[in-house]
Amino acid sequence: MESLADGGVLAEWRTQESLATAAANLLEIGVDPTNLPHAIRHYETVQNCMRDAVLQILASAGFDVEKADAYTYGSAVHVKRGCP
């Protein structure tokens with residue numbers, strides 16, 4: 001992926017505080033990655049669905065978009081160029 005220094009924009013969102021807090025608290029105490037608790041699976045599902053929806057909406061409007069680097073930016077969307 002190109003650097004955001006190329007003039008791109010990073011679009012991200014936040015889940016409801018209680019959902020994010022529940023997932024963070026579970027991760028803090030440690031979980032078995034092969035059997036994640038419902039709160040963590042639900043949090044990840046919400047993040048992925050939101051990212052995919054934003055990607056589709058922006059792409060259909062003519063924006064050049066892609067998933068941002070997950071390691072650095074989580075589930076954010078990289079908007080590389082605006083509408084033609």
Side-chain angles (χ1 to χ4, degrees):
M1 179 174 96
E2 296 176 18
S3 165
L4 292 179
D6 65 2
V9 174
L10 190 65
E12 58 185 338
W13 50 90
R14 299 193 191 286
T15 59
Q16 183 178 12
E17 184 68 29
S18 60
L19 178 58
T21 300
N25 288 343
L26 286 168
L27 289 171
E28 245 179 45
I29 61 173
V31 295
D32 176 2
T34 64
N35 186 24
L36 295 174
H38 177 265
I40 293 175
R41 287 183 285 120
H42 181 60
Y43 176 81
E44 289 178 350
T45 298
V46 169
Q47 292 292 342
N48 290 333
C49 288
M50 288 296 298
R51 180 201 56 227
D52 293 346
V54 170
L55 280 169
Q56 291 175 3
I57 291 165
L58 292 174
S60 73
F63 289 89
D64 184 8
V65 295
E66 66 184 16
K67 293 178 185 178
D69 175 54
Y71 181 76
T72 305
Y73 300 109
S75 59
V77 171
H78 181 196
V79 181
K80 298 187 292 184
R81 284 186 295 280
C83 291

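Start at 1 with the first residue, then count along the sequence. When reading the values below, keep in mind they use all heavy atoms of this one structure, side chains included, and skip hydrogens, waters and symmetry mates.
The CG atom of Leu36 sits 13.5 Å away from atom OH of Tyr43, with the distance rounded to the nearest 0.5 Å. Rounded to the nearest 0.5 Å, atoms CE (Met50) and OG1 (Thr45) are 13.5 Å apart.
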(request) Begin with the C-alpha distance, continue with both residues' side-chain angles, and end with the deciding distance and a verdict on side-chain contact (heavy atoms from CB on, under 4.5 Å) for Glu66 and Val77. (result) CA-CA 6 Å; Glu66 66 184 16; Val77 171; over 6 Å; no

(request) Carefully, step by step, assess Leu58 and Val79 under the rule side-chain contact (heavy atoms from CB on, under 4.5 Å). (result) CA-CA 8 Å; Leu58 292 174; Val79 181; 3.8 Å; yes

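Pairing each heavy atom of Leu55 with each of Lys67, the nearest pair is CD1-CG, 3.7 Å.
Not a single side-chain contact (heavy atoms from CB on, under 4.5 Å) links Gln56 to another residue, sequence neighbours left out. A search for side-chain hydrogen bond (donor to acceptor under 3.5 Å, both in side chains) contacts involving Thr34 returns Asp32, not counting sequence neighbours.
Applying the ring-ring contact (aromatic ring centres under 6.0 Å, His included) test to pairs two or more places apart or on separate chains, those with a residue in residues 16-42 are His38-His42.
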